[in-house]
K.L.:
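I have a structure here, written as structure tokens, and I will follow up with some questions on it.
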Protein chains: 2
Amino acid sequence: MESAEPSITIQNVVASVDLGTKIDLILVSKQLEKAEYTPEQFPGVIVRLKEPKAAFLIFSTGKMVCTGGKSEEDVYEAVNTMVDMLNEIGVGITQEPQITIQNMVASASLGVEINLEVASFALDNVIYEPEQFPGVIYRMRDPKVVLLLFGSGKLVVAGAKEKEDVYLAVEKVNEELEAIGSLRTR
Amino acid sequence: MESAEPSITIQNVVASVDLGTKIDLILVSKQLEKAEYTPEQFPGVIVRLKEPKAAFLIFSTGKMVCTGGKSEEDVYEAVNTMVDMLNEIGVGITQEPQITIQNMVASASLGVEINLEVASFALDNVIYEPEQFPGVIYRMRDPKVVLLLFGSGKLVVAGAKEKEDVYLAVEKVNEELEAIGSLRTR
DNA sequence: AAACTTTTTAAATACCCTTATAAAAAGTAT
DNA sequence: ATACTTTTTATAAGGGTATTTAAAAAGTTT
């Protein structure tokens, strides 16, 4: 008997971007009404886009961080939009932006409850302090990601560099939990 | 078949007190380290007692408000303690304090769940807006009290002038809810 | 003349925040 | 050299806030 496939949803994609040109943050913060800039608090300008929904941290070095994307495509689209906005206010970006996916976060549900006590005893590289945090923190070595396991059978995968790592990690933890008998159909 | 007696607990007794002597609030706030006095915020001095646990609002007119008592006896005892404290710092209280119970709040449990939808339709003088407040607000005319009814079968009685009103109100609402069929053993 | 200020108390909801995870960027601070 | 600062996102448990009710007192503000 085989359980149903776990449902998996990529919830957040973070990428670093190199525009190849120094940027005048004062200019950006003054020209873009949606820009937030409080240098004494954080060195980057913060800009949020609605479509696709994403947030940018723009630095004077010409590098940026894009967060909030739901997919890699979201990130590419958001970067294009951001670059157009910057060029419209006079920032001369001539090179192709170098985009690197740095982190992917996903949520998943195994469809069955997880006995966290059993899981924390049988798995390695695990931290479980329910009074501090309700989930089991499981650092998987391959793929190198961190999973947060909850009693409800839902879990979070963080630190993946690519989509495939997310799928592999969920499949793997599902098998491991099954093997140690910490799963129970609800 | 008769259901068990509802459990009732008096949770708060509020009383007004007249000491019959004008009081120098500046003196009180300086002599009593536990006194709180912020006249621009509230005209009375606030003093909290630990045994019995109660809070006093003391006004320059010589009148006070005592809140937090769990019984009428608590209030009488708290007032005596408060009067002694005031006389110890030089406030000359010679008359017997006039104490009037102004409000009693009680919590109770009927031991059975209440269908609030049914109750709000069948009872008069009722307000039920679950998205604003989870309980049904029922203004009973006799005894004149307000009841807050919850789906769990627990309720709150507020506005009673005497203990007997609390018991009568709980007994009455229990019968009314039973009569309209909004009670269900859990 | 009302409506607000303050204090107390139970009930049960909805919020908020914090806890924890990863990652980059470029500043400040130990 | 670390450890912070900021942004995003799911997950969930705990804490805190708010909501509502009554009542008095004596001030302020509509």
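In what follows, chains are A, B, ... by sequence order, proteins preceding strands, each numbered from 1.
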K.L.:
Write down the distance between NZ (K53(B)) and P (dT7(C)), rounded to a whole number of angstrom.
P.N.:
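Answer to the nearest Å: 12 Å.
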K.L.:
With distance as the sole test, does S71(A) use its side chain to make a donor-acceptor pair with the main-chain N or O of D74(A) at under 3.5 Å?
P.N.:
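It does hold such a pair.
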K.L.:
Nearest whole Å is fine: how far is dT8(D) C1' from K50(A) NZ?
P.N.:
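Taking atom C1' of dT8(D) as the reference, NZ of K50(A) is at 16 Å.
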K.L.:
Does K22(A) reach the main-chain N or O of G62(A) with its side chain, forming a donor-acceptor pair under 3.5 Å?
P.N.:
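Not a single qualifying donor-acceptor pair exists.
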K.L.:
Between M82(A) and V47(A), does the side chain to side chain contact (heavy atoms under 4.5 Å, CB included) criterion hold? Intermediate values first, please.
P.N.:
CA-CA 9 Å; M82(A) 191 69 246; V47(A) 177; 4.0 Å; yes
K.L.:
Can you name the one residue among L147(B), V136(B), I8(B) that meets side-chain contact (heavy atoms from CB on, under 4.5 Å) with L155(B)?
P.N.:
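Exactly one candidate clears the test, L147(B).
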K.L.:
How many Å lie between CD1 on I58(A) and P on dG27(C), as a whole number?
P.N.:
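Rounding to the nearest Å, CD1 of I58(A) and P of dG27(C) are 14 Å apart.
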K.L.:
Would you say that more than 12 heavy atoms from the other residues, nucleotides or ligands in this model lie under 6.0 Å from the NZ of K172(B), or not?
P.N.:
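Buried by this count: over 12 neighbours within 6.0 Å.
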K.L.:
What is the distance from CD1 of I114(B) to P of dT13(C), rounded to the nearest Å?
P.N.:
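Checked: the CD1 to P distance equals 12 Å.
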K.L.:
At their closest point, which heavy atom of A119(B) faces which heavy atom of I180(B), and how far apart are they?
P.N.:
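For A119(B) and I180(B), the tightest heavy-atom pair comes out as CA-CD1, 3.9 Å.
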K.L.:
Rounding to a whole Å, what distance do you find between D74(A):CG and dT8(D):C1'?
P.N.:
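My rounded result for the distance is 13 Å.
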K.L.:
Measure from OH on Y128(A) to C1' on dT19(C) and round the result to the nearest Å.
P.N.:
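About 14 Å, once rounded to whole Å.
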K.L.:
In whole angstrom, what separates I101(B)'s CD1 from dT9(C)'s P?
P.N.:
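About 16 Å, once rounded to whole Å.
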K.L.:
Pick the nucleotide of DNA chain C nearest each of I46(B) and F150(A); which residue has the one closer to the 5' end?
P.N.:
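Counting from the 5' end, the first nearest nucleotide belongs to I46(B).
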K.L.:
Could you grab the distance from atom CG of L27(B) to atom CG of L86(B), nearest 0.5 Å is fine?
P.N.:
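Nearest 0.5 Å value for the CG-CG distance: 9.0 Å.
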K.L.:
Nearest whole angstrom, please: distance from the P of dT20(D) to the CG of L149(B).
P.N.:
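In whole Å, dT20(D) P and L149(B) CG are 17 Å from each other.
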K.L.:
Strictly below 4.0 Å: does S152(B) bring a side-chain N or O up to OP1 or OP2 of dA12(C)?
P.N.:
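Result: yes.
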K.L.:
Side-chain N or O of Q11(A) less than 4.0 angstrom from OP1 or OP2 on dT11(D)?
P.N.:
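Answer is no, no contact under 4.0 Å.
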K.L.:
Across nucleotides 21-30 of chain D, 5' to 3', mark each nucleotide with B, S or - according to how protein heavy atoms within less than 4.0 Å reach it.
P.N.:
BBBBBBS---
